[in-house]
Amino acid sequence: MQQDLNWNDIDTVILDMDGTLLDLAFDSYFWLQLVPQRLSEERDISLRDAKAVIDREYHAVQRTLNWYCFDYWSERLGLDIYQMTSEIGARARLCADTEPFLAALAASGKQRVLLTNAHPHGLAVKMAHTGLDRHLDLLLSTHTYGYPKEHQQLWQQVHAQVGFDPERTLFIDDSEPILDAAKTFGLRYCLGVTNPDSGQQERSFARHPAMNDYLAFLPALRMAQRASG
């Protein structure tokens, strides 16, 4: 599914972080490899048993704020999730097309808002190692609001704070349920990312247009810049 974007009709671009601007390989390694490994060592159980425990725990809180909460997982698993994240911070990587895209958005006068479910500590670690914050106008963690992006309460609060016009806003995320929530709130343009993790195959979207390369938008953004100038 494709969607034609009229950049002259877009004032604000709200962007997810992990899998949208940063390579999701960081989180895949952390939650699917490192955490099970540490839990196996801590509880003296097999790696297979550790993964089974974590799968159950993950499933129990999926699409809630706890799923993303370092304090919750530190308590549930008995691991120092804060320290573990800091230890591997150097693994965080910008997607190759992120900086050119964000620069083109700025040049064409678009407001660039980061809206992430990532815990504030994880957000800070990734900013420190990638410098992503230098290319954004506003950084928002949903933990500040008490709801993840999957909930309408979150969108209501972010809208009240940022004041974006839903009819003139583009939202980009690698999660279809989150795109569903944004569309339900009334955002006109909702776009999926099919290649969030450099170590995995591309994914497909059933209900939303999607793309795999921001560089394809640059010619249209340059035209929008000239039109507005």
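Positions are given from 1 along the sequence.
Closest of all the heavy-atom pairs between Leu218 and Pro100 is CD2-O, 3.9 Å. Closest approach of Phe205 and Ser175 over heavy atoms only: CE2-C, 4.2 Å. Scanning all heavy atoms of the two residues, the minimum distance from Ser28 to Asp197 falls at OG-OD2, 2.6 Å. Heavy-atom minimum distance, Ala50 versus Pro36: CB-O, 3.4 Å. What you find for Asp18 and Ala118 is that their closest heavy atoms are OD2-CB, 3.9 Å. Taking each heavy atom of Trp7 and Val13 in turn, the nearest pair found is CZ3-CG2, 4.1 Å.
When atom types are taken as modelled, the side chain of Arg38 and the backbone of Leu79 share no donor-acceptor pair closer than 3.5 angstrom. Although no hydrogens or angles enter the test, the distance criterion places no donor-acceptor pair under 3.5 Å between the side chain of His121 and the main chain of Phe70. Formation of a donor-acceptor pair under 3.5 Å by the Asp80 side chain with backbone atoms of Gln83 is found in this model. Using a distance-only test at 3.5 Å, with no hydrogens or angles considered, no donor-acceptor pair links the side chain of Lys183 to the main chain of His208. Remark: the backbone N or O of Leu140 is not paired with any side-chain donor or acceptor of Thr144 at under 3.5 angstrom. Formation of a donor-acceptor pair under 3.5 Å by the Arg112 side chain with backbone atoms of Leu102 is found in this model. Thr116 places no side-chain N or O within 3.5 Å of a backbone atom of Asp16 that could act as its donor or acceptor partner. Remark: the backbone N or O of Ser198 is paired with a side-chain donor or acceptor of Asp23 at under 3.5 angstrom. Panel note: side chain Gln111, backbone Asp11; no donor-acceptor pair is recorded below 3.5 Å. Using modelled atom types, one side-chain atom of Ser46 and one backbone atom of Asp49 make a donor-acceptor pair closer than 3.5 Å.
Hydrophobic clustering of Ile, Leu, Val, Met, Phe, Trp and Tyr side chains at less than 4.5 Å, counting indirect connections, keeps Leu154 apart from Leu65. Under the 4.5 Å side-chain heavy-atom criterion for Ile, Leu, Val, Met, Phe, Trp and Tyr, Leu21 and Ile10 are members of the same hydrophobic cluster. Under the 4.5 Å side-chain heavy-atom criterion for ILVMFWY residues, no single connected hydrophobic cluster contains both Leu24 and Ile172. Under the 4.5 Å side-chain heavy-atom criterion for Ile, Leu, Val, Met, Phe, Trp and Tyr, Leu215 and Phe101 are members of the same hydrophobic cluster. Note: the hydrophobic cluster containing Val125 does not contain Leu34 (ILVMFWY, side chain heavy atoms under 4.5 Å, direct or indirect links).
Enclosure of atom CD in Gln201 is not indicated, since only 12 or fewer non-hydrogen atoms of other residues, nucleotides or ligands lie within 6.0 angstrom. Gln153 CD: more than 12 foreign heavy atoms inside a 6.0 Å radius. The local environment of OH in Tyr147 is sparse, with at most 12 non-hydrogen atoms from other residues, nucleotides or ligands closer than 6.0 Å. Residue-environment remark: CZ (Arg76) stays at or below the threshold of 12 foreign heavy atoms within 6.0 Å.
Salt bridge present: Asp174 and Arg203 bring a charged side-chain N and a carboxylate O closer than 4.0 Å. Between Asp133 and Lys126, none of the side-chain N atoms (NZ, or NE/NH1/NH2) sits under 4.0 Å from a carboxylate O, so this pair counts as no salt bridge. Of the charged side-chain nitrogens involved, at least one lies within less than 4.0 Å of a carboxylate oxygen, so that Arg207 and Asp180 count as a salt-bridged pair.
Looking at heavy atoms from C-beta onward, His151 lies in side-chain contact with Pro148 at the 4.5 angstrom threshold. Residues Asp9 and Glu167 have side chains not in contact (no heavy-atom distance under 4.5 Å, counting atoms from C-beta outward). Using a 4.5 Å heavy-atom threshold, the side chains of Val162 and Leu138 count as touching. For the pair Leu123 and Leu114, the minimum side-chain heavy-atom distance is below 4.5 Å. In this structure, the side chains of Leu22 and Leu94 come closer than 4.5 Å at one or more pairs of heavy atoms. In this structure the side chain of Pro166 reaches within 4.5 angstrom of the side chain of Phe164, judged on heavy atoms. Put simply, the side chain of Lys110 does not reach to within 4.5 Å of the side chain of Arg168, judged on heavy atoms. A 4.5 Å side-chain heavy-atom check between Arg222 and Phe217 finds every atom pair outside the cut-off.
Considering OG of Ser108 and CG of Asn8, their distance stands at 9.0 Å, rounded to 0.5 Å. Here CG of Leu39 is found 4.5 Å from CD1 of Ile54. Values are rounded to the nearest 0.5 Å. The CG atom of Asp213 lies 10.5 Å from the SG atom of Cys95; values are rounded to the nearest 0.5 Å. One distance of note links CE of Met211 with CG of Asn195; it measures 7.0 Å at 0.5 Å rounding. The line from NE2 of His159 to CG of Leu187 is 8.5 Å long, rounded to the nearest 0.5 Å. Between the NE2 atom in His129 and the CZ atom in Arg91 there is a gap of 12.5 Å [rounded to 0.5 Å].
Among Tyr189, Phe185, Trp155, the single residue meeting the ring pair (Phe, Tyr, Trp, His ring centres under 6.0 Å) criterion with Phe171 is Trp155.
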Yes or no on side-chain contact (heavy atoms from CB on, under 4.5 Å) for Thr98 and His135, after CA distance, side-chain angles and deciding distance?
-> CA-CA 9 Å; Thr98 290; His135 307 283; over 6 Å; no
Please lay out, stage by stage, how Thr12 and Leu170 fare under the test side-chain contact (heavy atoms from CB on, under 4.5 Å).
-> CA-CA 6 Å; Thr12 301; Leu170 165 64; over 6 Å; no
Determine, step by step, whether Lys149 and Asp173 satisfy the salt bridge (charged side-chain N to carboxylate O under 4.0 Å, His left out) criterion, reporting the C-alpha distance in whole Å, the side-chain angles of both residues, the deciding distance to 0.1 Å, and the verdict.
-> CA-CA 10 Å; Lys149 286 181 286 185; Asp173 202 290; 2.8 Å; yes
Mind running side-chain contact (heavy atoms from CB on, under 4.5 Å) on Leu115 and Thr142 for me, showing each step along the way?
-> CA-CA 7 Å; Leu115 180 61; Thr142 59; 4.0 Å; yes
Output, in order, the C-alpha distance, side-chain angles, deciding distance and verdict of side-chain contact (heavy atoms from CB on, under 4.5 Å) for Tyr214 and Leu105.
-> CA-CA 11 Å; Tyr214 292 128; Leu105 290 178; over 6 Å; no
Evaluate side chain to side chain donor-acceptor pair (under 3.5 Å) for Asn117 paired with Tyr68, printing each intermediate quantity in order.
-> CA-CA 6 Å; Asn117 281 335; Tyr68 306 96; 3.2 Å; yes
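Figure legend: Arg93 and Phe26 shown without cation-pi pairing, the cationic atom not lying both under 6.0 angstrom from the six-membered ring centre and within 45 degrees of its axis.
For an aromatic pair to be called close, the ring centres must be under 6.0 Å apart, and Trp73 with Tyr58 satisfies this.
Taking His143 as the reference, nothing meets the side chain to side chain donor-acceptor pair (under 3.5 Å) condition, with sequence neighbours excluded. Remark: Glu42 engages no residue in a salt bridge (charged side-chain N to carboxylate O under 4.0 Å, His left out) (not counting sequence neighbours).
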